[in-house]
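Worksheet: the structure to be examined is printed underneath.
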Amino acid sequence: MSYNTIKELLSMAEERNVLLSQIVLETEMTLLEVSKEHIYNEMENRYNVMKSSAKNALFEKRKTAGGLIEGITKTHYDYTQKNDTISGNFINMVMSRALSCSEVNASMGKICAAPTAGSCGIIPAVIISMEEALGLSKKESIEGLLCASGIGAVITKNATVSGAEGGCQAECGVAAAMAAAAAVQMKGGTPAQSVEAVSIALMNVMGLVCDPVAGLVQVPCAQRNASQAVNAVISADMALAGMKSIIPADEIIEAMYKVGKMLPMELKETAKGGIANTATGKVIFRDIFGK
Amino acid sequence: MNISIFDVTGPVMIGPSSSHTAGAAKLGRIARLIAEKPFKKVSFGLHGSFADTYKGHGTDIALVAGALGIYEYDERLSKAFEIAKEQGIEYEFYKIELDDMHENSVKITFEFENGEKCDIFGSSIGGGQIKIVKINEFDTEFNATAPTIIINQYDKKGVISHISRVLFDYNINIAVMKLSRTAKGKNACTVIETDSSISKEVVDELRLIENIISVQAINI
């Protein structure tokens with residue numbers, strides 16, 4: 001017994017009245033022929049890398065090729081620390097952590113792809129901030145990661161998580177959907193609410209293009225990590241409030257995939273469209289690559 | 001579900017790009033294992049997107065790091081140029097057009113102390129995954145996700161049956177086997193992916209087979 005769709009994953013959890021992460025865990029144990037402890041340890045290793053990358057740019061800027069996002073994390077973290085923001089401390093810490101992962105990644109630091117390197121800040125930002133804000137255990141965070149990863153595996157199987165194939169919606173958008181499912185579980189919501197959060201997060205990001213300035217994983221990637229981490233949090237809240245997505249998650253995933261295929265190649269990681277192809281974007285490209 | 005959650009949440013890697021950084025480092029690292037011998041110089045012919053955008057993604061640093069044996073997740077990766085200098089290893093980059101190859105491809109040439117060279121062609125195919133497509137004059141294709149044996153032999157009858165006999169004796173199951181040759185009766189190359197790791201004893205035994213020129217094992 002296994003799942004290939006979100007619907008199947010959800011019904012397996014509901015039949016046994018267990019968390020989504022439990023079904024994901026058992027499926028992985030069968031797939032890799034390993035123990036539960038092995039999977040928890042392996043995921044904890046990844047979580048530790050995520051925690052470092054979510055912290056390492058908060059206090060000092062990191063040197064990056066082209067320097068487009070150097071220091072943006074510290075600036076945002078310092079602003080957050082003043083406790084005088086519009087969207088509050090939690091949301092601003094989520095953004096600070098997402099930015100940190102992006103800045104560390106751009107500076108050739110160590111990150112955990114989730115699901116890609118370009119979108120590596122979203123899941124850590126949400127899960128670490130949830131753990132901190134709700135006073136959760138590390139085990140609950142790792143189960144959040146399992147929940148997110150199970151959703152990501154279904155999307156990888158039935159659609160894509162590649163920016164070159166599906167645009168930013170497939171990278172940062174999918175990361176937001178994964179993080180939203182985890183956030184609902186960590187807040188004590190039901191598996192069905194996690195699935196609604198996946199749908200809502202993906203609806204919110206449908207069609208987002210991949211248009212990196214100068215082809216670097218910096219602008220708008222860092223900003224999209226911050227905003228999609230926030231998308232995950234608000235999608236989780238909408239689902240927890242009882243919102244229904246109307247369209248089932250598997251159909252939204254299929255729609256996202258089809259939209260990705262419809263996007264012209266200029267808008268899929270080639271740096272030939274979107275903000276990469278603006279007058280200033282082209283100047284930056286020439287300055288860095290000398291042509 | 002046949003996709004591991006660790007392929008979704010992962011790999012742990014040095015940024016910024018799974019294809020242009022992690023994949024490049026893995027290409028360098030696997031190429032080093034194929035070349036096997038200590039080398040004094042390594043050259044990288046960059047093709048397609050590798051040639052156009054390598055500077056911004058540290059592809060050059062990652063390739064050198066891999067050639068030095070540094071893993072994709074090792075934080076020493078970003079210091080590869082300095083480490084190469086310390087070890088007295090020369091490196092260079094140039095642009096090359098490789099016909100019909102993936103956008104992110106590289107020709108890696110190792111130069112050994114005795115003046116001999118080894119050319120390895122490979123591509124970074126996304127998500128940190130790679131494929132090796134050519135070793136010297138031999139076309140091949142493997143992803144280095146399973147233990148792999150690379151054998152150079154003379155194209156003579158019976159060599160393959162001797163190889164499979166050795167693997168059988170050591171209880172190694174063959175997952176994939178690919179054979180190519182330059183011309184009938186000339187040199188041939190066999191690439192075997194296996195389900196279990198390949199010990200030194202297996203490699204030594206394979207080297208004893210008549211008409212086999214060289215054997216390398218890559219244990220993942």
Side-chain angles (χ1 to χ4, degrees), chain A residues 2-4 9 24-25 27-28 30-32 39 42-43 45-46 49-50 53 64-66 101-102 104-118 120 123 145-146 148-157 161-162 164-165 178 214-218 221 270-271 288-291, chain B residues 1-26 46 48-65 70-82 95 102-104 124-129 195-196:
Chain A
S2 181
Y3 55 86
N4 288 308
L9 171 61
V24 175
L25 171 72
T27 304
E28 190 71 13
T30 308
L31 180 67
L32 298 186
I39 291 171
E42 192 63 30
M43 203 48 100
N45 290 340
R46 282 156 206 248
V49 172
M50 289 180 177
S53 61
T64 61
C101 295
S102 290
V104 166
N105 182 52
S107 70
M108 295 193 82
K110 190 171 179 174
I111 56 98
C112 178
T116 63
C120 71
I123 291 167
L145 274 176
L146 288 171
S149 306
I151 299 295
V154 171
I155 300 177
T156 302
K157 187 173 176 68
V161 298
S162 153
E165 204 183 343
M178 292 165 64
L216 301 174
V217 193
Q218 298 185 23
C221 315
T270 54
I288 294 170
F289 295 109
K291 60 184 178 186
Chain B
M1 179 51 63
N2 56 358
I3 293 170
S4 168
I5 55 172
F6 297 115
D7 290 334
V8 178
T9 301
V12 171
M13 53 168 274
I14 303 302
S17 163
S18 56
S19 55
H20 285 68
T21 320
K26 187 170 182 185
L46 304 172
S49 173
F50 265 17
D52 293 335
T53 66
Y54 72 94
K55 271 187 195 169
H57 293 117
T59 306
D60 47 354
I61 301 168
L63 284 166
V64 170
I70 295 171
Y71 275 77
E72 303 78 290
Y73 52 77
D74 188 331
E75 282 176 306
R76 293 179 301 156
L77 187 148
S78 64
K79 304 271 179 271
F81 289 172
E82 290 91 324
K95 288 194 179 189
H102 187 280
E103 262 298 279
N104 298 327
S124 174
I125 56 175
Q129 303 287 311
D195 289 336
S196 48

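Throughout, a chain's letter reflects where its sequence line sits, starting with A, and its residues are numbered from 1. Side chains are part of it too, since the values below use all heavy atoms of this structure and drop only hydrogens, waters and symmetry mates. Computed from a predicted structure; not experimentally measured.
- Residue contact with chain A, scored on non-hydrogen atoms closer than 4.5 Å, involves the backbone and the side chain of Ser4(B) alike.
- Ranked by heavy-atom pairs shorter than 4.5 Å toward chain B, the options Met178(A), Lys157(A), Glu165(A), Arg46(A) are led by Arg46(A).
- Looking at Val161(A), there are no atoms closer than 4.5 Å to chain B (heavy atoms on both sides), in backbone or side chain.
- To the nearest 0.5 Å, the span separating CD1 on Ile288(A) from NZ on Lys55(B) amounts to 10.0 Å.
- Between chain A and the residues Asp7(B), Thr21(B), Ile61(B), Thr9(B), the most heavy-atom pairs under 4.5 angstrom are made by Thr9(B).
- Taking Ser2(A), Ala106(A), Gly150(A), Ala153(A) one by one and counting their heavy-atom pairs under 4.5 Å with chain B, the maximum is reached by Ala153(A).
- Highest contact tally toward chain B, considering only Ala271(A), Pro115(A), Ala214(A), Gly118(A), is held by Pro115(A) [criterion: heavy-atom pairs under 4.5 Å].
- The ring-ring contact (aromatic ring centres under 6.0 Å, His included) test applied to Tyr73(B) returns Tyr71(B), not counting sequence neighbours.
- Of all heavy-atom pairs between Ala117(A) and Ser18(B), the closest is CB-N, 4.0 Å.
- Between the CE atom in Met13(B) and the CD1 atom in Ile111(A) there is a gap of 4.5 Å [rounded to 0.5 Å].
- Heavy-atom distances place both the backbone and the side chain of Val154(A) under 4.5 Å from chain B.
- Heavy-atom pairs under 4.5 Å with chain B peak, among Ala65(A), Cys112(A), Ser53(A), at Cys112(A).
- Of the atoms belonging to Asn2(B), heavy atoms from both backbone and side chain fall under 4.5 Å from chain A.
- Among Gly109(A), Gly215(A), Ala114(A), the residue with the largest count of heavy-atom pairs under 4.5 Å with chain B is Gly109(A).
- When all heavy atoms of Ile14(B) and Met108(A) are compared, the closest pair comes out as CG2-O, 3.1 Å.
- Options Thr27(A), Leu9(A), Ile39(A) differ in how many heavy-atom pairs under 4.5 Å they form with chain B, and the most are formed by Ile39(A).
- For a residue to count as touching a neighbouring chain, one of its non-hydrogen atoms must lie under 4.5 Å from one of that chain's; by this rule Leu31(A) touches chain B with the side chain only.
- Side-chain contact check for Phe6(B) versus Leu32(A): some heavy-atom pair is nearer than 4.5 Å.
- Shortest non-hydrogen contact noted between Ile5(B) and Glu28(A) is N-OE1, 3.1 Å.
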